[in-house]
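Any value given below was found using the heavy atoms of this structure, including those in side chains, with hydrogens, waters and symmetry copies removed. Labels below follow one simple rule: chain letters A, B, ... track the order of the sequence lines, proteins then strands, and each chain is numbered from 1.
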There are 4 protein chains.
Amino acid sequence: MPRAERERQMLDAAVRVFGKRRYRAASMDEIAELAGVSKPLVYLYLNSKEDLFSACIRREAEALVDAVRAGVRTDVAADRQLWEGLTAFFTHTAERPDGWAVLHSQARSGGDSSSESQLRSSKGDPVVAEVGAMREEIVAFVTHLIAEAAREAHDNPELAEREVAGLAQALVGAAEALADWANGDATVSAKEAATTLMNFSWSGLGNLMDGERWSAR
Amino acid sequence: MPRAERERQMLDAAVRVFGKRRYRAASMDEIAELAGVSKPLVYLYLNSKEDLFSACIRREAEALVDAVRAGVRTDVAADRQLWEGLTAFFTHTAERPDGWAVLHSQARSGGDSSSESQLRSSKGDPVVAEVGAMREEIVAFVTHLIAEAAREAHDNPELAEREVAGLAQALVGAAEALADWANGDATVSAKEAATTLMNFSWSGLGNLMDGERWSAR
Amino acid sequence: MPRAERERQMLDAAVRVFGKRRYRAASMDEIAELAGVSKPLVYLYLNSKEDLFSACIRREAEALVDAVRAGVRTDVAADRQLWEGLTAFFTHTAERPDGWAVLHSQARSGGDSSSESQLRSSKGDPVVAEVGAMREEIVAFVTHLIAEAAREAHDNPELAEREVAGLAQALVGAAEALADWANGDATVSAKEAATTLMNFSWSGLGNLMDGERWSAR
Amino acid sequence: MPRAERERQMLDAAVRVFGKRRYRAASMDEIAELAGVSKPLVYLYLNSKEDLFSACIRREAEALVDAVRAGVRTDVAADRQLWEGLTAFFTHTAERPDGWAVLHSQARSGGDSSSESQLRSSKGDPVVAEVGAMREEIVAFVTHLIAEAAREAHDNPELAEREVAGLAQALVGAAEALADWANGDATVSAKEAATTLMNFSWSGLGNLMDGERWSAR
DNA sequence: TATGAATGAGGGTTCATTCAT
DNA sequence: CATGAATGAACCCTCATTCAT
């Protein structure tokens, strides 16, 4: 069997296991078994648990970004662009739940939240930072989109940079929560999820209370 | 040293370590060392890693809920209530970043996202579900609030139940993301975070583009 | 509470726990709790787990020996003496099952059975030898009785010393097995057990097959 | 080194250590060291301390049963059959003293001897029951043999069922005690031990006193 | 290309024992 | 007379990783 295909099998298995068990709880034994190969082969091809995880993250992140990018037309109105991006996002996360689990389930843990931080970093889970970095890229991209939209809107060419960053964080967080929710208990279609999020983020709860809602024109 | 105080020390240390390393990666050795006691004492007082984690979750969750509840007056307008609750939330998470880390960092992990799921559930980390349950309670509460507000607004007495649930998920997700962001890289005050989130969730991006923003009257 | 009584309580608890769990598996915590005192007090009075076990063995062994001795008249025929001793033995072990469990349950393990014996003795369970010593005393006593009886019997004044020792071992082993059996599943009275053992050891299976049985005249 | 051979080495070591120290006191470290391998390998091949112990018991029990079965001809007189079985038994236990130690050293421990029994059973050593079960099988087999012999003897076709059970217990207990004795202090050949036990159990002490002894015709 | 065999290191848990009061 | 507080040491078990083939 050619190397490329074997590697894909291993990554598939790893994504599945990392998604279900998280980085620390996942065991190389389980991954190798699910991939149908022996452990040394996994090490031969992918070097270490850390590298394997890294490869999973990169593959799934790239797939997600590609899917979103492919779903958005750049020559339409800002709200329409957002709608299309969200729809693509929810579609993709529904199609690849394990990939989404890997990307999302270990997000936090990068930043030294405790001010004093006497805890040595102890090569514990150094890899996990990678996910954080990826998320930050996405947030940066969304930040850029919002700023652009604000600039285009003639009435409000300048939102404070920091506020835009906050709005992007909020939007991304809301999208993540909805993706988890849609993949989990509730069975919600990607379009429904996107609509809900447009109503929430574009129109706002205030307007919603007054019966005004956003709709894809 | 009296037992109660020692127990508090241990919980403080555990919250710190669990927050930074997550459940699996946290070691009882590190917790004991940070608490300044020997490992057997931790076991004598708190029984097991699982129980210790449980105790952390319960303590921090209760503190957070109390803080939010204390910050909200119930005899004011719906948007004002939301603003007050968010402010209290961001204030608390900023004051106890480790507590927030414990509560938030291991949220996802419950749902069997992969449809086939040939992976045995392996008694691994059954505790973590506790956090998920807590989050669901909060979401349920927020869901209730939104439905209530919709009922009060004469123009829109009935939102589809499922849509309300989605909105609650989105709101909670956005708040979580902002809390992480405010505690991390950006240094943002609780009030700023609350304002940003009100603009986002109450007014909506569409209005924001038009220069209309929410403000605490 | 006077020391003597406290000590008795502790020994009672220890006999119970040692009997049920064996030396290694018994924990000082459980003994102290069952005795209704704190652990340091147990150490104050009985010094160490090893000494405590020793004390249990001595107390129960003495009680057993006393009971048997008190039940045997020395001025009767040899078989009658044996019958009386066995009856007393079975009566006592039925009355104090925990005591018997302590005495019997850790019997073996003294002798270096493996010829080469590269295993270091490793202060593992050094105490247990005590039980073996006690058992050997009993066997020696029974050996003496059999030899005496043989000498009294005019037809067979001299049995080979080694054979007598073997017979004593067999008799003691049979009695132990019957005591366990009588205390356990089967509910058999002391007299029944003694009769069975007299039929077995005095008359022999061969005679039993022919319908001849021993009876207390 | 092939797996099968390594496994045998481990079982040899385990039998030795379990025999000398008993289940609880035996440490996997010592077993691994005696087997000349690392601890993880023991776990890889034999799963757990409990499984390892179980494997020891099964191997040694099977070997013993096979040896006895092979030594007995079924077409000879009852007493001759008993003699042959005992000889095979004592021969085997002398040849594999460690195996015998494992089988015999943890026999008792099942029955709830103390009537009230407030002691929680505490999952401690559930394995040990395995040995007890084995012994009960043997006793049941001997019980069957004795009943059969009684039925064949025309003079005594019916012994009370309960009495037969007691006789079997006594016979097995006597054999166990003699095996321990023969392996320990005294150096006694298998044939001597068998002869002693035949004199004891077949002829009975009463006949012995009168100079009548059993002999292999 | 692929694997069976093997291990160093570390984690959770328990227990006999002591000290200060 | 009695105990609450505390620990060093050891034990069972798992896991990422490598070597020889």
Tell me: [atom1] of [X] to [atom2] of [N], nearest whole Å?
| X | N | atom1 | atom2 | result |
| --- | --- | --- | --- | --- |
| B:Leu46 | F:dA5 | CG | C1' | 15 Å |
| C:Phe53 | E:dA16 | CZ | C1' | 16 Å |
| D:Tyr45 | F:dC12 | OH | C1' | 20 Å |
| B:Glu7 | F:dG4 | CD | P | 15 Å |
| C:Leu41 | F:dG4 | CG | C1' | 13 Å |
| C:Tyr43 | E:dC19 | OH | P | 13 Å |
| B:Met10 | F:dA5 | CE | P | 10 Å |
| C:Glu30 | E:dA16 | CD | P | 10 Å |

Of all the nucleotides listed ([options]), which has the minimum atom distance to the side chain of [X]?
| X | options | result |
| --- | --- | --- |
| B:Met28 | F:dC15, E:dG12, E:dT1 | E:dG12 |
| D:Lys49 | F:dC13, E:dA5, F:dA16 | F:dC13 |
| A:Leu44 | E:dA16, E:dA6, E:dA2 | E:dA2 |
| A:Ser38 | E:dA6, E:dT18, E:dT3 | E:dT3 |

| said: Need one value for A:Arg3: base, sugar-phosphate or nothing, where a base atom within 4.0 Å counts as base even if backbone is also close, heavy atoms only. | reply: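 A:Arg3: no heavy atom of the nucleic acid under 4.0 Å.
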
| query | Counting any heavy atom closer than 4.0 Å, what does A:Ala32 reach on the DNA or RNA strands: base, sugar-phosphate only, or nothing? | reply |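 Result for A:Ala32 = nothing.
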
| Does E:dA2 have a Watson-Crick or wobble mate here (both distances under 3.5 Å), and if so which one? |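 WC or wobble partner is F:dT21.
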
| Identified pairing partner of E:dA16, criterion: Watson-Crick or G-U wobble below 3.5 Å |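 For E:dA16, the partner nucleotide comes out as F:dT7, under the 3.5 Å rule.
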
| Heavy-atom distance under 4.5 Å between the side chains of D:Arg59 and D:Arg8, does that happen here? |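 Yes. Closest side-chain heavy atoms under 4.5 Å.
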
| query | With nearest nucleotides of DNA chain E determined for A:Pro40 and D:Val37 from heavy-atom distances, which residue corresponds to the more 5′ nucleotide? | reply |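 It is A:Pro40 whose nearest nucleotide is closer to the 5' end.
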
| task | Could you say whether C:Asp29 or A:Arg6 is positioned toward the 5' end of DNA chain E, judged by the nucleotide with the nearest heavy atom to each? | result |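 Residue closer to the 5' terminus by nearest nucleotide: A:Arg6.
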
Ignoring hydrogens, what is the shortest heavy-atom contact between [X] and [Y]? Give both atom names and the distance.
| X | Y | answer |
| --- | --- | --- |
| B:Leu46 | B:Asp51 | O-CB, 3.2 Å |
| A:Gln9 | A:Ala35 | OE1-O, 3.5 Å |
| D:Lys49 | D:Ala26 | NZ-O, 2.8 Å |

| query | If you pin B:Ala4 and D:Asn47 to their nearest nucleotides in DNA chain F, which one's is more 5'? | reply |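 Here B:Ala4 is the residue nearer the 5' end.
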
| What orientation do D:Tyr23 and D:Phe18 show, parallel under 30°, tilted 30 to 60°, or perpendicular over 60°? |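 Parallel, since the angle between the ring planes stays under 30°.
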
| Quick one: the side chain of A:Lys39 and the base of F:dT17, do they pair up donor-acceptor inside 3.5 Å? |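 In this structure, the two groups form a donor-acceptor pair.
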
